[in-house]
Amino acid sequence: MMTRKKIGTLFIGLLAGIGLLAQQVDSNFHLYLLIGQSNMAGRGMPDAESKELNSNILMLDSLNHWVPATDPVHYDKPKAAGVGPAIAFAKAMLQENPHIKIGLIPCAWGGSPIKAWTPGATYFAAHPYDDAIQRTIIAQQKGVLKAVLWHQGESDNDSSHASRYMGKLSSLVQQLRKDLAQPQLPFIAGEIGHFNNVDFINPVIRQLPQIVRFTAVVSSKDLTHKGDNLHFDAASARELGRRYAAALQTITAGESKNPKPPIMGWSSWNHFRIHINEAMIREQADAMIASGLYEAGYRYINIDDGYFGGRDRLGNLFANAKFPSGMKALADYIHGKGLKAGIYSDAGKNTCGSIYDKDSLGIGVGMYDHIVQDCHSFFTDWGYDFLKVDWCGGQKQKLDEQTEYTKIINAVKAINKDIVFNVCRWQFPGEWAIKQADSWRISGDIRDNFSSILKIIDLNADLYQYASPGHYNDMDMLQVGRGMSYEEDKTHFSMWCMFNSPLLAGNDLRSMSKQTLEILSNKELIAINQDIAFVQAQRVFKENEVEVWVKRLGNGNQKAIAIMNRSGKDQTISFSAEKLGIDPQSTLRDLWLHKNIGKIGAAQTFMIPRHGIVVLNAN
Ligand code: GLA
């Protein structure tokens, strides 16, 4: 086996030959380093599919030769090795880009604990880390390394190892990036099976994207084992592989394209329900500018339910008598102010207002059977920029939501991809929505009380895995300035920012208090909501109804940290850097006090009022 020193010599030798080798490197040959333990190596029972060959998927065999990939891809324990995630991963990557070849570099070792994945460490006769580096360097003679796929944790799945795991995992990522000279090399970790008898490790693994940039974690939810409560069966191993591909594609898309941030604006529903009219909407647009909200980044004036008048003989929609100039003139007015205009409909025949607000004009005006026609009204004829599509009519007709929403989204995006689309189905709609829709509601309607706020936060807590740059969990329109206390409003607004939810004010902008305006226009909080990493916060700590939420920001190593007090009493609590999930050297800024508060040191004490929050930026 190679020693560290020999690897160094090999590395220098390879560098010396780089002039020659460079000519042979094919930029369309994408390499993936596979490391970890048995579930990465693959333990599923080989079947007919395992024998299928795809000429565009190769693997580096034990003798460092490129050969067509088949399961078992790994050779760590020849008697046990079987179907793993690698080939399904490669197939999914090829589906996304058929013009490439994939090179798999299998280096996982069944049973290896994370401590075996450090330079110089041995595991039986192997040096897992050193061998992985060596084989990757050899592979790079032919192709370009695109990512590391890691699946490990079963051998560290107890409380004492789990408590030290994150330190080891983040060092591993940094070490690999250093030794392979790729500081932004994507690293995708996978959860161990949810079927393991105990689970200390997954909660730790799930925090990786908060702690290290260009990383993602793949869920193993609903995957099944092969009968030993430890190893994925072949079908699950393949599904896991596809999830690795999706996670990687999300990271790459997020970093390279120009994703739309969560939208900011105002919506008529929370304050006015169906009692809306043209003059009032115009005044909201005026107030958005006059109040300074425009300056803080708010743009959308969204007309919710209540504008419908009916359909004419040709089936074209028209507005009711409270909109005498019509919907196009109203959009023109909004656009004339430099704002954007949003509109509302239902996937079924009838609107929600027709049921819950007894709006008889909401009957027969939903998009069902009129999808293309209504899209032409909304966007081509009237010029709206945003569409929210509700589900009351669809639910009543027992329509299939994926089918209906997909038809609508396709029709909308065929007119203009920049139109922002919101699915309003009052719960997480399902994975079908997460790449098609710009946002999707995850809850029933928000109320102007603190328990409604907490309920929505809890519903969203684990949905971070579905959000990605340009695609967000929508926690519903804001209730700031509509009856909750100042502290409650601040908590509500802060958490919507931490979660990348759209920020749609739901109060009457013409008559808001100074405090409401102060909250809605807190630019330091808004910057967290619009931050370019577009990563949703995750809960890292919970005790006595105090919770710490961390959101990784896109700028260097910055993070936003929210300390939220759910309880009905003020609480004074001391936090160490570790408890807050930050580096002890970070400097902190309080985003409500707009004040730098220095380094955290050994610990810092915070007073968090009842139902209140402290939001910090750690740099
Ligand atoms: C549903 C939606 C609300 C609002 C109303 C309109 O309840 O969830 O946000 O759009 O319909 O009737």
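When a ligand or atom number is given, it counts from 1 through the structure's own listing order. Values below: all heavy atoms of this structure, side chains included; hydrogens, waters and symmetry mates excluded.
Of the polar atoms of W426, at least one N or O is found under 3.5 Å from an N or O of ligand 1, judged by distance alone. At under 3.5 Å, a nitrogen or oxygen of D445, whether backbone or side chain, sits near a nitrogen or oxygen of ligand 1. Looking at W269 next to ligand 1, no N or O pair under 3.5 Å apart turns up.
Under a 4.0 Å N-O distance rule, the pair R566/D458 qualifies as a salt bridge.
Checked against side chain to side chain donor-acceptor pair (under 3.5 Å), N507 has no partners two or more places apart in sequence or in another chain.
At least one heavy atom of Y344 sits less than 4.0 Å from an atom of ligand 1. In this structure, T351 falls outside the shell of residues with a heavy atom less than 4.0 angstrom from ligand 1. At a 4.0 Å cut-off, not a single heavy atom of R273 sits close enough to ligand 1 to count as contact.
Close contacts between ligand 1 and D305 involve ligand atoms 6 (C), 12 (O) [criterion: under 4.0 Å to a heavy atom]. For ligand 1, the atoms closer than 4.0 angstrom to any heavy atom of D304 are 4 (C), 6 (C), 10 (O). Under a 4.0 Å criterion applied to the non-hydrogen atoms of G353, ligand 1 contributes the atoms 12 (O). Listed by number with element, the atoms of ligand 1 under 4.0 angstrom from any heavy atom of D390 are 1 (C), 2 (C), 4 (C), 5 (C), 6 (C), 10 (O), 11 (O). Of all atoms in ligand 1, listed by their number and element, those nearer than 4.0 Å to a heavy atom of R441 are 8 (O), 9 (O). The contact set between ligand 1 and M477, taken as ligand atoms under 4.0 Å from a residue heavy atom, comprises 9 (O). Atom numbering of ligand 1 starts at 1 in the shown order; those under 4.0 Å from a heavy atom of K388 are 3 (C), 4 (C), 9 (O), 10 (O). In summary, the atoms of ligand 1 found under 4.0 Å from a heavy atom of C424, numbered by their order in the structure, are 2 (C), 8 (O).
The distance from atom CD1 of I613 to atom CG of L525, rounded to the nearest 0.5 Å, is 8.0 Å. Note that the CD1 atom of I211 and the CD atom of Q207 stand 5.0 Å from one another [nearest 0.5 Å].
W391 has its ring centre less than 6.0 Å from the ring centre of Y405. Under the 6.0 Å cut-off for aromatic ring centres, Y307 and Y344 do not qualify, their centroids lying 6.0 Å or more apart.
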(message) Is there a ring pair (Phe, Tyr, Trp, His ring centres under 6.0 Å) between F379 and Y384? Walk through the geometry before answering.
(response) CA-CA 5 Å; F379 310 117; Y384 282 79; 8.1 Å; no

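When each of D474, N473, N422, N500 is tested with S439 by the rule side chain to side chain donor-acceptor pair (under 3.5 Å), just one qualifies, namely N422.
Judged by the 6.0 Å and 45° rule, R311 forms no cation-pi pair with F318.
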